[in-house]
A.B. asks: 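First the structure, which I've put down as structure tokens, then a few questions once you've had a look.
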Amino acid sequence: MNMPFFSDVDAITYLGPDSDEALGFRWYDADRVVGDKTMAEHLRFAVCYWHSFAANGLDIFGAGTLDRPWAEGSATFDSSMSPMAAAEMKQDAAFEFFSKLGVPYYCFHDVDMAPFSGGYAADADALKAMVDRAGSKMDETGIKLLWGTANLFSHPRFLAGAATNPDPEMFARAAAQVCDVLEATHQLGGENYVLWGGREGYETLLNTDMAKESDQLARFMHLVVEHKQRIGFTGTILIEPKPFEPTKHQYDYDSATCHAFLQKYDLADEIKLNIEVNHATLAGHDFNHEVAYAAANGILGSIDANAGDDRLGWDVDRFPVSVEQMTLGMIEILRAGGLGTGGLNFDAKLRRPSIARDDLFHAHIGGMDTMARALLAAHSVLDSGELDSLRTERYAGWDGDLGQQIMNGSLDLAALRERAGSTADPQPVSGRQEMLENLVARHIERAS
Ligand code: XUL
Ligand code: CO
């Protein structure tokens, strides 16, 4: 590419909370140490290729609005370019963006990076060429790959699912695609590989054998784990809970459903979760619930950091703006000891009317500053020890004789009945919820 695509924007730097400069970080200060790590090491930000570069701004009511000359259907699509030239222009713009924003990572689907025409052999060749090119860009810029993934949901062939398709030919076709992208992710030094169950679900039980589909999905995951080991990929395999959309019933409903599935099929030691904030909301959970559940069961992997909308019940993929919501999530991430090979991927998109090129910077700056403030507040809450000491005190009885005897099995049901006859009735104590909410609010106000 001759001209930088984002030529009006310079590298984004940390300017501090007093700055009024819109194209600068007010809170995200990559090298600032928070506890035992720098902000960059805690947050491990990634930009996603799909919403930021592949999408054209189309919604179900209208045409693409965004200025993306390489993207068919965008407002400025240049149809004179070959599909490969368009993919190269997109890749140049993407790496220019990652570098100027100063994020360490990115994430991609195969179809985001390479022009796919639908024929397997041609698509695999196109992917290979674009992945090699991405490797050179990564060497040049130092940008790393958080995760790669195969798109097994957009092409009509996958209308009834990929691994859970009633036709094993579709399973086999999906497997070929995943085999390629897993190897591409390995080639690029990716730190994780994501399997989002795009259309792994169903619309109606009238034509669906749920037990069979569940076995097929598990078989698919075992194939991925086996291949990962065969090629020596040391990254983490992640699945991504989502309750519905695109199918009415998605099998990977939420963290708990995924955990039960992984346990049933002996995959819980091999696969972890990529938890998306907006998916938690759609499942009727809080984001921090999903993180805490995964952490408590040893399957917290990575985060897709976006947000839903209070009044919209679908996957709106907004950039995160609520410091409170993210602080509650960060508290659970810090309690879990961090994200390991995972990170915070902005699986978030611009609103359709946000058509200026620098809107993509404003969106990510806002998301990164929100997460950085959340990190500072969460660290401050935990560092003060107030929350943990109150929680420990709340459960103190379990360290005493009665708690230990219950848990070690030395008191059976009848023995507990006998004990009730000879002790005074226990008295409830306050849960202190409002006081604790104020405590968190105080840390959010003061963390700087
Ligand atoms: C869809 C979603 C995907 C996955 C990757 O809701 O979140 O973008 O993150 O396929
Ligand atoms: Co996602």
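Whatever order the structure lists ligands and atoms in, that order sets their numbers, starting from 1.
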A.B. asks: So, F97 versus F6, ring centres under 6.0 angstrom or not?
C.D. replies: yes
A.B. asks: T149 to ligand 1: N or O pair under 3.5 Å?
C.D. replies: no
A.B. asks: Heavy-atom contacts with D304 under 4.0 Å: which atoms of ligand 1 show up? List them by number with element.
C.D. replies: 9 (O)
A.B. asks: Determine, for R133 against D92, whether the closest basic-nitrogen to carboxylate-oxygen distance falls under 4.0 angstrom.
C.D. replies: yes
A.B. asks: Enumerate the atoms of ligand 1 whose separation from the nearest heavy atom of E240 is less than 4.0 angstrom.
C.D. replies: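 Within the 4.0 Å cut-off of E240, ligand 1 contributes 2 (C), 4 (C), 7 (O), 9 (O).
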A.B. asks: Under 6.0 Å between ring centres, would you say that holds for F233 and Y193?
C.D. replies: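 They do not qualify: ring centres at least 6.0 Å apart.
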A.B. asks: Less than 6.0 Å separating the ring centroids of F244 and Y253?
C.D. replies: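 F244 vs Y253: aromatic centres not under 6.0 Å.
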A.B. asks: In ligand 1, which numbered atoms sit nearer than 4.0 Å to a non-hydrogen atom of H109?
C.D. replies: 5 (C), 10 (O)
A.B. asks: Give the name of the N/O/S atom in E276 that lies closest to the Co ion (ligand 2).
C.D. replies: OE1
A.B. asks: At less than 2.8 Å, would any N/O/S atom of D317, backbone or side chain, sit next to the Co ion (ligand 2)?
C.D. replies: no
A.B. asks: Which is the closest N/O/S atom of D304 when seen from the Co ion (ligand 2)?
C.D. replies: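 For D304, the N, O or S atom at the smallest distance from the Co ion (ligand 2) is OD2.
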A.B. asks: Verify the ring-centre separation between H364 and F98: is it less than 6.0 angstrom?
C.D. replies: no
A.B. asks: Could you tell me, atom by atom, which parts of ligand 1 come under 4.0 Å of a heavy atom of D315?
C.D. replies: 6 (O)
